[in-house]
Amino acid sequence: MTSSPRHLFVTTALPYANGPFHIGHIMEYIQADIWVRFQRMVGNKVHWMGADDAHGAPIMLKAEAEGITPEQLVDRIASDRPKYLNGFHIHFDNWHSTHSPENTALTQLIFRNLDAAGLVEKRPVEQFFDPVKNMFLADRYVKGECPNCHTQDQYGDACEACGKAYEPTDLINPRSTLSGATPVRRTSDHFFVKLSDPACKQFMREWLNATVDGTPRLQPAVKNKASEWLEGQGDQELTDKDISRDAPYFGIPIPDAPGKFFYVWFDAPIGYLASLKNYFDSGKARANGESRSYEEFLAAPDVEQIHFIGKDIIYFHTLLWPAMLKFAKQKVPNNVYVHGFITVSGAKMSKSRGTGISPLRYLEVGMNPEWFRYYIAAKLNANVEDIDFNPEDFVARVNSDLVGKYVNIASRMAPFLAKFFDNRMPALPAQTAALSAAFERANEIRESFEEREFSRAIRLAMEIADKVNAEVDQYKPWILAKDAASNAANLQKLGEICASAIATFKALTLFLKPILPALAEQAEEYLNSGPLTWDLFAQGSTPAKFLPTGHAFGTFKPLITRVDPKQLDALFESANEAAKKQPEAPASSQQASSQQPPAGEITVDDFAKIDIRVAKILAAEFVEGADKLLKLTVDIGDAQRTVFAGIRSAYTPDQIVGRLTLVLANLKPRKMKFGTSEGMVLAAGPGGKDIFLLSPDAGATPGMKVK
RNA sequence: GGCUAGGUAGCUCAGCUGGUUAGAGCGUGGCACUCAUAAUGCCGAGGUCGUGGGUUCGAGUCCCACCCUAGCCA
């Protein structure tokens, strides 16, 4: 079972440093963290690297808007990271930044090597240029009329109305969203990586289809998708990748090309290596038991490079990135493991709309991070599938599995052990269904973790937990205990069930440890076992060796509490409230007050997108389980809508039924715990009792548009 | 429009290369129990496996078409 340890260089996608972590980041980290912890438990050496993705136009522009430098913005975001990571027990071995000397050196090196390999080409590109801001405009910063269906206000890459894709230069009446100016066409030289080069394509083909130790390098769905891009014909053909941007740009300068910078997507993945380099150069690698140098480590054939990513960045990690590395004479990734997105109650998460779960709020309302880790793990497998966070399911799953089944085992046995056996391990019976099951299933569970089939690992573990609880019921220890002090036979039977159950609890603790590190640590303390590892199931291990008779236990303390549904209410309400009050505000200025400075300027066209109408409130009712919401039925002229409004603290249903107010009618419907809200009632005020519904003057009728 | 993945009990999901009456957990109905953080055990109800064809002695499991969902591409 234990051969020479594997050496794993693991990464997770670098978060863009223009905002705090969202729940999707946390999910990816939890997936990787579980896998990494598991690998360590089986004796492998892991070096898990993270970093902030710091470059690019969005960060440059956001910093400018806030009146700070990009470095200051990135530093501020970075300083916020640890409380999320620590909060969810996510333990990176190093965290660095793409805006670093290491990344600059590595990026320039890789570029030079690619150039020497003949994979770089310089070509003129004509693009829109903003004459006021004095910069070239990416597609997203140009808006105008769709040349196909003539819808106004469409972005430079594709029309949201008709779906037609085009070049920004095709737009009618284009304008810069940065300055409002009419952009002009201007030509500039760009650098391209020649992905279409036959040698490059041949390499990518081989890389995609390769196996690592007999198993495919990539998940089938990922390989298919990447192959589709690679083998595309005609206008689907794989194109060379533009990797340069003109000044002003917050990025890494291209050597010998004044005014040219690397496009953020070129230097971002190199950040994995930069973080690794920093980890080695700072001595952390050595402290972690790796005595080789950075160069030696990456050159060693036994080192495996593994990237965890989301499905949105498959292209970069399965085509561009391996090709870049290969032709720049660097180590090529062994595996790229792709996961899907997380949805909340079936709705896609969206930061700007306030759906989703704020990881920070989750921690702030006092919810246990291990509940979330467990729930995520219970849903994760090796497929590229989205997983859904469903509040009711979450409560049921955590309370039933963790408290009712797993922890309950120790909780039932601890009093007997203390009272009748001097808190020591009694002798095991000749046969124990539960402990045997743990031994039989250990290997399958181990493989499930290895394959990232966490949901299967949990299913198997819970099957065993069910067996323990059933076995306890068969023995009826509470009856044996009545005369165990005087009846030697009953005392022995009582000892048998205690021994079997507590040994199986130990096995379950080991199985669940990668998912629940803190809980496992407490359980280890009770079991007085020291850190549990998979050596316990190594060849030759037997139930008797697993937990020897006579072993002394510690003091049992409750290990985990149940989820209180009220905490979930708090989680969702605070998220919604925050979003409603200040959609894009940084966490540091969350103080809601009536004296906020006006938000950023918008144009008349922007305002035209907002469909506010006079509405009549036809019905209003309290929402059970939500102490801030009222459920309203409103007439907006041509239709009736259901709207959830956070105004319960200021209004009762009978105060507002029948009155007119204003409703944002084209707000994207949002699924909430209690139903779908199809709009937003407009109100002002700081909150609490001080919420004031807006009303039109007399004469207005439902359906009238505000303009 | 092309492509990819998926549509199995109220909910969340298992069902390997086609093979006896389609499984689990949660929830639900009944019963039992009281050691345990009102935890646990037993019994039951509940599915024409997205729809319609086809291949086969036999199909959630293979083939075709269609519908729906999510996503990728242009």
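None of these values were measured; they are calculated from a predicted model. Proteins come first, then strands; the chains are lettered A, B, ... in the order of their sequence lines, and each starts at number 1.
For Ser411(A), the side-chain atoms get nearest to A36(B) when compared with the rest of U40(B), A5(B), A36(B). With distances taken from any side-chain atom of Val403(A) to the nucleotides U37(B), C26(B), U12(B), the minimum falls on U37(B). The side chain of Pro415(A) lies closest to A36(B), out of G41(B), C26(B), A36(B).
Searching all strands for a Watson-Crick or G-U wobble partner of A38(B) with both distances below 3.5 Å returns nothing.
Few gaps surround CD on Gln202(A); more than 12 heavy atoms of other groups in view lie less than 6.0 Å from it. Within 6.0 Å of the NZ atom in Lys467(A), the count of heavy atoms belonging to other residues, nucleotides or ligands does not exceed 12.
The residue Ile314(A) sits apart from the nucleic acid: no heavy atom pair falls under 4.0 Å.
Aromatic ring pairs are classed by plane angle as parallel below 30°, tilted from 30° to 60° and perpendicular above 60°; the pair His25(A) and Tyr29(A) is parallel.
For Lys557(A) and Tyr526(A), the positive end is not near the middle of the six-membered ring at less than 6.0 Å and at most 45° from its axis.
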Please write out each protein N/O paired with an N/O of nucleotides 15-18 of chain B under 3.5 Å, distance rounded to 0.1 Å.
none

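Scanning for side chain to side chain contact (heavy atoms under 4.5 Å, CB included) contacts around Ala470(A) gives an empty result, with sequence neighbours left out.
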With a 3.5 Å cut-off and sequence neighbours excluded, list the donor-acceptor pairs that the side chains of residues 432-440 of chain A form with protein atoms.
from, atom 1, to, atom 2, distance (Å)
Thr432(A), OG1, Leu435(A), N, 3.1
Thr432(A), OG1, Ser500(A), OG, 2.7
Ser436(A), OG, Thr432(A), O, 2.5

